[in-house]
Each structure stands twice: as C-alpha cells, then as structure tokens.
Visitor: 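Quick one: structure below, then a few questions.
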Amino acid sequence: MFLLQAPMPLVQTTTVLPNPQLSDGENNTAEVAVQLTMAGTRRTYVKRKDGRRRLLWSFKLTRNKALELRAFIQAYHSSTIRVVDHNERAWVGNFTSNPFEFDTEQRAAPAIAPLPAGEQQAIQIEFEGVEDATVHIL
Amino acid sequence: MPRSISSNALAKLATQYGTEPIVVVEIWWNDNHPVIGRAPGSPPPDYPQPRMLYADRDIPGLNIKGKIIEIGGLDDVVNVSGGSQSQQIALTLDDTDGTIKKIVDANDVHLRPVWVYQWFEGLDFGERFLLFKGEINTPLEWDEGDRTLKMDVVSKVEDVEVGFSIEEGFFPKAPENLIGKPWPLAFGTVINLPALQTKAALQGTLAQGTGIKDFTLAHRMQLAANIVCPLVFTGWTLLPPTLGERLRANFVNDASCVQQRCQAVEELALEYKEQSSYEISPVKIFGGEKFPQEKTITIAINSGKFIGQFKGDLFYITGRIHPQDDGTGKVKQPETPRQIGSVCGPAAFSVIREGSPEDQEQNFHPEPGSSEAGARAQLAIWLSNKQSRQTWAIFNAAQKAGFFWANAGDTVTLAEQQEIVYICNLLPSTVLRVAAWRELRGGRQLLTVPTTYYSVRISDFHGYRVTEVVFPQPLTSRDLETGGGWSDEIFVSLTSPVGPNTVDILKWFITTYTKYKVDNASFNYVKGRVDNYPMHFALLDRKDIHTVLQEMAYQARCALWMKDDTFYIKYLPEEPDADETVNETDVLINSLKLTHSPTEDLVTKYTAEWTENYANDKKNKIILRHNVKKYGTHEEVYDYYCYNIYELVRKSATFWMIRKANTWRRAIFKTPLSKLKLECLDTVALTLPDIADGTVKGIVEKANYNSDDHSIDFEVWLPIKSGSRTPYNFAWPADIDEHDLFPTLEERELGLGGSGTEPNFSTIAPPGHPLANPSPTGGSISYDCASYAFLGDVPHDTSSNCRPDQGDSEPSDEGDEKPEPKVPNGWGGEINTGTSPVTIQNPYATNPWNPDSPEQKSDRAEQIGRNAQEEANNDYDPDKDYDPDAEEEDPNDPDKPYENLPHTCGGDGTVTVFAERDRIQNGYNRDGERVVLEDDEYPPDQSICMPYNWAILGQVCYTFNSLVAAQEFVDKKKAEHDALLQGCGYEKGMEVEGFWTIVINGTVKEPPADQRGMTAQKFTPNAVTP
C-alpha cells in the first residue's frame, strides 16, 4: 500500500496507490566535493541537505486509479505532501516531476462495471523530501 | 592584509575531510538601518525583516533559508592603486515562496548594502567571516518564470570630486568667472602656486572717467592768502613835534613776495576750479543696473570712493572720498619733510632756520650806533621777515593729496567688496612668498611682491579654512612711478599644514572626502618608509577621489586598496613578509600554470613629467629607457605632479621603469579553502619547483573564491624575470645594498640599460663643447663619468648618473635623505622675510641697467661722497670704498681660474650665486692655517668655518630691478659673511675680498680670493655702485 496525503499539515485528501514497481529509487541529496592536490592530498567538502532524499517510484495503475492520481496531482502539485511508501516509511516533501506523464502501455481487462474498461497506465513520480519519523502510519 | 579569521574558523579551514562551508548573504533591504553612520561591516544585533539572511542551504537552527541559487566568484579587494575602482559579484536568490518579491514591491532596494559571509556548519554563527561587502546594483531582475531575483553586488569607491569650486557652496550671486573654477588645494611646500583671483559679486565697469579733487586745496588757498610778506624800508617821515616822535619809518611789502603770494593763490584757485570741473556726475557704469537702485550706497573705483545713487546704469555722485583722506581731512601719508626757508625774502637776509637761536626775538640786536627810531625800524623789518618766513613755511609744508582720477574701464565695486582676494589654499597655510610677473624694459620677470602691498589672512568658510592673500588695490596700479608693469596674476609659495608625508595626505583625502576608514597599522608603517620622499604639490583641477588616491599611491610607489570600507596601504619597493605559504600540498592538481606579465604592459621608454615651479608653463621631463634593445620601444608618459624635487621623481620613475620594462613570471593555480585567508595584494611564499628554485615570495594579484566547488583561484606576481628562476635584485629595491648598481653590469654589457642602440648610445660631446660634461679638472667628461662613457665600460663610481635615461643608478632606499623644496627668496634665510631684492633704490633711474647712464653715475658719486663723509667721521670702512674709475678685473687672469665660469642666469639684472659642494678639500682652519686635503678626505672638523671647496654644484639666480638693488643684495650677503667669519675666528678682511657670494647648504659664505667660485659679469665690484 502506498499513500499520498495533502495538504500538510492538515491533511484533507488521501490517495491510496498500489505498491510501486520494482526498481524504485532513493537518493541522498547531500553533495561531497573531493579535491586532490599536486602532492596527492585529498580534501573533501560536503553539502548536507538535512536528510533530504530524492525518491523515485513507478506505478502501473488502472485507468480509474490513474484519474484519481491525476486529480490529486492537479490539486496538490505545489503543496507539501506526505507520502507513506510501500515500506511504511513516511516522507514529507514535494513532487519534483516535471511534467507528470501518464503512459498508456496496454489494455487492462476485464472491466469491472460500472467502471470503464480499459487500460493500464504507467507513471513515474519524483519526490524530494525528508523522512518524517513522527508521522502516524494509518 | 590577510583576512581576519577566528581560530576556530581557521581550524575548520584546515580540516581535511568533511568540512561543510556555507555561504551566507545578509541584505539590508530598506532604510530602517541607514547606511550613513553605521559601523561598516558590523552586522545588526538581530535579524528582523527586512534585514534578511540567506544561505546556500537551509540552516534550520538559525531560521535561515537556503535561497542562494548562484553566487559568482568572490574577490572583495578593490585595488585602487592598480586602477580598480570596484569589485562585483552576481547573486541569484530563490523566490519560489514570493517573500523577496514582497520586499522588492515595498522597498527601493537599489544600492542597499549586502554582506557575504563564510560560515561552517558546527561553528558558532558569530565566527563567520566576511568575504565580500557591497551594494545592490543593476541588473536587478525578478524573473517570473524562474521565480528568482538576480542582482549584482558591487563594492565601489564612490566618485566624489575633491577640492571645491564656488558653485558647490552657498554663494548667492556667485561671480560668473568663478563658476567651475577649482580653488587651489596644496600640500607640503609648493612653489609659485597660481592663486585664484576672486572678484566681487557685484561688479561694473566705469564707462567714463571721473575724478576727486585734492581736498587740501581749500586749506592751502587759505594758507596762501595768510602769507605775510616782509617789509621793505622806503624812508623816513618827519613828524610834527606835537606827536612826540620826530621820525617815523615808512615801509612797503616786498613786491616780489606779494607777487608770489598772489600767484600762489591764483594757481590754487585755478587748480581748484579745474579739478572740480572733472568731478563728473552722473557717470555711466556698465553693469550698473545690477547694483542696488535708488539707494544711497558707496562704490569704490580703484582706491577712491564715491557716494551716490544708481538709476539704471547711471550713478549720481553726491559725495567723494579721496584715497589719501584719512577721514579727518588730513592726508594719510605725509610727504617728505621739506627744508623750511623763505624764497621771497630779501637776498640780504640769510636763511634762518625755524627755532634756531637767530630766530628768537630777544636775540635781535640792532646795528651798532643805530638811533632809537632806527632800531625800531630794524626790529619791524626783522619781525616781518620772521612772519613771512613762518607763513611761507606753513604754506609750503601743507600736505597735498593730489588729484585722483578714475579712468574709463576701471572696475567698480561696492566699497565693502573692494578688496581683491586671492584664494591660495583650501587649507590654512603659511605664505612664504608672493610673486607676480612684471614687465620691465620689455622683459617679463617673476618678481617678489613687496609684503606691504598685501595681507595674508585665514578665512573660515565653514568646512574649509582658506588661506587668502588680500590686496587693497590692484597690483597693476602699483609702482607706476617706477614703470609699473605688474600683472594681477600672483603666484604664492606656501607651506600647507597637511603633508608633505604621502600617508598624511592620503589620510586627509580619505577622511575628508569619503566615509571610509584607514587601517592605522599599515598607514603608520608606510608613513615611516616614505618619509624621505615628501610630496609637495597642489591640485589645481578637480579630480575624483579614486583618481587622486590612485595617482598618489602610484607616485609614492605604494599599493592602496579597500576592503570592507577600510583602506590599506603597502610600500611596494620593500620585500614584504609572507602572509601565507603555498606548496604542492596546497595546489590542486591540474591547476598550476606558469605565465608571464602581459606583453601589452611592457614599457621600455618611460617619461616622467613633473613641475618644480607652477609659474613655469612647461613641465620638466625625465626620460628613462630600459630593455629597448630587447623588446623595442614601448612608451608611456606619466605626470608626477605630486613631487616637485627632481631626485624624488627619478626615484619613483626608476622603480616603475624596472617593474614595467621587464617581463615577470606569474603563477596561476587553485587551492582548496585552506588558503581562504589570502587575499589580493597579500604576500605568499611559494615553494613550487615548477615555478622557481626554492621558496620565493610573490604578490597575490587575484584571489577569487568559487563557492560552488570550494576552491580559490590565485594569480601571483613573482619577482622573477622571464627566463630566470631566481628573484631579480631590483624587483624589491628598497632594502638592498645602497651601492647596488642599476642597471646591473650584466645588463650594461648587454646594452639593456638606457637605449642601448647605436649610434645613439655612444654619442658624446667632443672635448670643449658646451654640451660636454664640465669637469673641474679641465676635461670634457667629469671624473665620475669618464670611465664608462662608452658602451661596455664599467663605472667605478656608482654614485654618478652620467646617462640620464638609465634612471637612478642606486634605486635602494638606503642612504636616502629627505630633501626640501627650494623656495625662492625664502630658502636658507638668504632673503629676510619681508625684504624684497627688487627694492628700487633709485626711483628716478630711467636707465637702470646702464652703468654709464647719468643716473647711475650720479648714484655712484653720491656714494663716494657718503664714503668720504664716513671717513671724515672715522666711520669709514675701506671695504666699501669702490672706485668707479678703477679697472675691471681681468677675467682671464690665470690666478683666477674660475672667473670664466659662465654667468648662466642671463640677461640684465641677474646675479648668479654658485652653490658649493659641501665636501671640503682645501681651506683654512680656525687658526687661519692653510689646510690641503687629499681627494675624498674629510677634515676632522667640518664646521662652517672650514672653507672652501671649489667644486661647483649648482647655481641660484636672483633678479633685481636696478644695479643699486643688486649691489645692496650683494652687500647684505657680504655683511652676513663677515659676521660669519668673525664668529669663527677669522680676521675680518684678511682672507675675504670682493663680492662673491656662495651658498653652502643654505649658509652664505664668501671664498678666499684665490678660490673664487663664481663670477657675475654684470656686477663686478668696480662696475656697480654700492
């Protein structure tokens, strides 16, 4: 289970998504500059980002779920949101995808009435934020 | 000056791994914290908006947002002496939350102050240190698409004009001719500074002449009418016996006297009538409509005053004040007393002086045997003669004021604005001499203005205490009886309270015209180093402060820079102590480059222009050449206006020629933040085998901090010439051996000193030619220069400067002494204060320069008569007995080998005074014994009593208006010399004769007859009158 909640801190909307596909990513945003002198001496300078992570998830969604996600993104793409990922780690931050692209990769069947039949859509979401250890997992 | 960094911050910089440098920008967005009056660089005590701090990442504990998206390379040093006026960085701030846009909408953020700090995570925030300080400049752009605010932050020495001109102050109706005219601003002791003549705000021009009659005429007419004429006996009248007396003497007034009295009365009446007729009123005055209209005012024309009213440009005169009127109806300056004596009394009566015993009535004695009546008659005649004598005396002694005439074209001012004021200096100064051009006999000479013609005052203009010379009447109206010819343009020699030390002057400029501070440590140190190189100059135009500071620092061979609103200074000829070391453990790999100073910076022909005397229209030049043979001719001309002494100009010009005529090695490299302490113009000790042998000091010319990759770009100037790996001896010449020779012997042999190109380099004047270097030994080349007159020769005397274009042969500061400017007529006490050498003794001389003119002969005859009188009074000084008919001395007398020295001052009325070398070779000791010394041997006692070396160092020219005045000057020097010799134990007159004047270190002396060191062709002793 994968939750998207917004706006923060007074959450009004929660979207539940299926677990992301394999090969999700979690990158540290901190930087390390390494300098090497003529004599071989190394020096390093770091740029901490206070635990900020750059996270990457790919989802395959039904048409209806994709529409729900699209509505969530349209409403809160500029807001701080909370993500509870499939590992039950909570993150507070912002979407950094630009643009949000829904790809229709294949048909999805069977349709479940009255929902439209249909299609399977894929989307990759980039998110940057800090882990929120205090969040209560629903 | 390296950055001031706390020990904790230094420890952070030295940490090898994991340091987290954070750039913090502080911006004061509005005027809640005014710029003026704040302590520059000091952060506010707290940081409420709109003082904002931004960092290159969020600092949650300090509530500082990470809004810095981009910041350019940081270098905060404004190298003023290097021609830089500003430094700038580009700053981009993130505004996705719109907070900055709100500030920009509500405030004019242009030119608001910005500080850029370096801080380290884990360090107390108070230990951040400043990287850059500036003000927000355009381009200042808020970008809707990027949601960013981009700006330039500039550190700049503001443009402020130094000095003053009248339109800047509160001067209603400022004279048009003064608008934009800079007031002189002088430092040290300047010579013949052209003073700025100010004119009254209200000024007109007389369109027609008008006069003021002699106000003594009426009184003199009355005196003439009261003249008593002597009685003349005409016979006896026989009286009837009833009257008691039988005889009565008959008298009439002397007819000649009566006629003269009548003539005097008539002449005065006619004079009165004629002069009154020239008291014209009204008079037209061009520009009169600007004066107060229809109000009774007093105007001044030259020295006369006129009371009346203006109606348009016509002035209706109701009263006149004669220039000689002292306010009580008497003449200001009584004329020369005249001998009292009747001119119309009977010739039989001798002149009886007033008050003499013969003048007393009780001493009158009738002729022996006279009858009683005869005695009474004689007494009556005696008394009438006395009265006549007295009344004529009173009439003749009556003071005369003369007729005053104001010519058409004369200047008209309000009486209270009449005085002519010359602005001499914006600083309260001591005036040493006032001079002006004077046209005499077709020649134009700069002569000292008598001190009685003007007064000196200090006027407080609220901001400046200005030195003024005030003339009560135009100089052009002076000395008309002796030819006039004065110009109204005056030249003032004065000493300013500021200077002559360069550092004092720089401090004055910075503190007077900028809001910045000076670093006292560096300024005080350099003050000592430049003390022997005083600056005596005046600014006669208005330059901006940046230019003035740059030019002064350059001429003083200093580097001047500003950072964090503080000026620092460094003495460039001195080898500095290293502020930091750099070796291969500090230089980032693949960043080291060996480069050279730019080709376009080469200067092989360096011309230094300078001025000793502001009255000279043309500037002097010193032309230096070096490495012409190697690099060709690359010319630069620089105006050394801060120095008025040749040796100082040559010193500085030689230094810069060495720096500019050579190609120098430069090192370019990058270092980590560990060298963040180093800034531009700091000294770094480099140990880089790729660059130089061993450790060599260099000057950081660029230190650019890149915050993105945490590195510093350095460019370092090295004192190593191209093609070499070791420092050049003269790159830092201040403290090298005093006698180290420049150009070096190697450079001379290679032809790199001077032009080095043939045939010019070996060109020399033939023996005996006037251009040949005079030698006391008789050759054409002095012994100093003889040994290396030709290419390749090696000099044995390094103190000589036989090739002027090679510069100072000893560029070291060692052994230098502080020179003083030579102030005409004020130097060495040669002319007493207030004594002018141009005093005219014979105002009637029409041909003052012709010794055979009747006037000169007459003067000589008078002097001979006075000598005879003195001799009769046993007060005769044989030294003053000058026989005008004696033969002139033979200038070719072999016993006087120095008589042939040229009288170079030239022209009529000049006296050449030769200055003598202070090294003594032959002379007389205190006991009068002859002392002969070997070359370069100094006597044990070098007191002023030890005469006289015959070597002539230089000459001083004095100019006089007449032979008499010139001789007076020489006599004065002779008297001083006599006193000098007497004070030293010489017998007066024993070893001294003639009129030869020599100046040795400012002390006037005369040489013995056999060692005369000068001649003055026009003023040999027998050709002039004392």
Side-chain angles (χ1 to χ4, degrees), chain A residues 6-10 26-55 72-83 89-100 125-135, chain B residues 12-23 55-62 64-66 68 96-98 118-122 145 147 582-593 667 669-676 686-691 705-713:
Chain A
M8 285 296 288
L10 302 174
E26 178 183 335
N27 295 316
N28 196 341
T29 58
E31 300 167 4
V32 177
V34 180
Q35 294 178 340
L36 181 63
T37 69
M38 293 174 70
T41 308
R42 284 181 190 276
R43 287 179 179 272
T44 64
Y45 298 100
V46 302
K47 182 75 76 183
R48 296 183 183 88
K49 295 296 176 68
D50 293 326
R52 293 182 74 83
R53 298 285 192 276
R54 187 175 295 113
L55 300 155
F72 184 90
I73 290 171
Q74 286 176 340
Y76 300 114
H77 73 280
S78 63
S79 304
T80 302
I81 65 172
R82 180 164 64 201
V83 174
R89 295 167 70 192
W91 304 91
V92 176
N94 298 80
F95 290 127
T96 55
S97 297
N98 183 27
F100 293 93
I125 294 176
E126 286 182 20
F127 175 89
E128 187 172 320
V130 296
E131 188 166 5
D132 186 358
T134 63
V135 71
Chain B
K12 282 283 184 184
L13 286 173
T15 301
Q16 189 170 353
Y17 298 115
T19 313
E20 185 174 6
I22 297 174
V23 174
D56 53 7
R57 73 162 176 82
D58 288 345
I59 310 176
L62 297 172
I64 298 174
K65 293 189 175 181
I68 299 176
T96 51
D97 60 3
Q118 180 69 65
W119 180 66
F120 291 91
E121 179 70 44
R147 294 281 162 175
V582 167
N583 53 40
E584 290 187 341
T585 62
D586 302 310
V587 176
L588 295 181
I589 196 165
N590 298 327
S591 71
L592 179 63
K593 294 175 184 173
F669 53 86
K670 275 188 175 187
T671 72
L673 290 190
S674 55
K675 298 301 169 189
L676 194 54
L686 291 180
T687 309
L688 297 171
D690 291 329
I691 301 296
Y705 172 37
N706 306 303
S707 62
D708 51 350
D709 66 354
H710 310 296
S711 67
I712 308 168
D713 293 322

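In what follows, every heavy atom counts, from backbone to side chain, and hydrogens, waters and symmetry copies are set aside. Reminder, nothing fancy here: chain letters follow the sequence lines and each chain counts from 1.
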Visitor: Looking at every non-hydrogen atom in both residues, tell me the closest pair between Thr37(A) and Thr585(B) and how far apart they are.
Guide: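 Scanning both residues completely, I find the closest heavy atoms to be CG2-O, 3.2 Å.
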Visitor: Relative to chain A, which of Ser591(B), Ser674(B), Gly66(B) shows the most heavy atom pairs under 4.5 Å?
Guide: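 The option with the most such pairs is Ser674(B).
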Visitor: I need the minimum non-hydrogen distance between Tyr45(A) and Pro672(B), along with the two atoms involved.
Guide: OH-CB, 3.3 Å
Visitor: So which part of Arg52(A) gets closer than 4.5 Å to some heavy atom of chain B, the side chain, the backbone, both or neither?
Guide: neither
Visitor: Which value, rounded to the nearest 0.5 Å, describes the distance between Lys670(B) atom NZ and Met38(A) atom CE?
Guide: 14.5 Å
Visitor: Search all heavy atoms of Arg43(A) against all heavy atoms of Ala14(B) and return the closest pair with its distance.
Guide: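 For Arg43(A) versus Ala14(B), the nearest heavy atoms are NH1-O, 3.6 Å.
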Visitor: Using heavy-atom distances under 4.5 Å, tell me whether Thr15(B) contacts chain A through its side chain, its backbone, both, or neither.
Guide: backbone
Visitor: List the atom of His710(B), the atom of Lys47(A), and the distance in Å for their closest heavy-atom pair.
Guide: CE1-NZ, 4.4 Å
Visitor: Identify which of Leu673(B), Asn583(B), Asp709(B), Asp586(B) forms the greatest number of heavy-atom pairs closer than 4.5 Å to chain A.
Guide: Leu673(B)
Visitor: Chain A heavy atoms under 4.5 Å from Asp690(B): which part of the residue, side chain, backbone, both or neither?
Guide: side chain
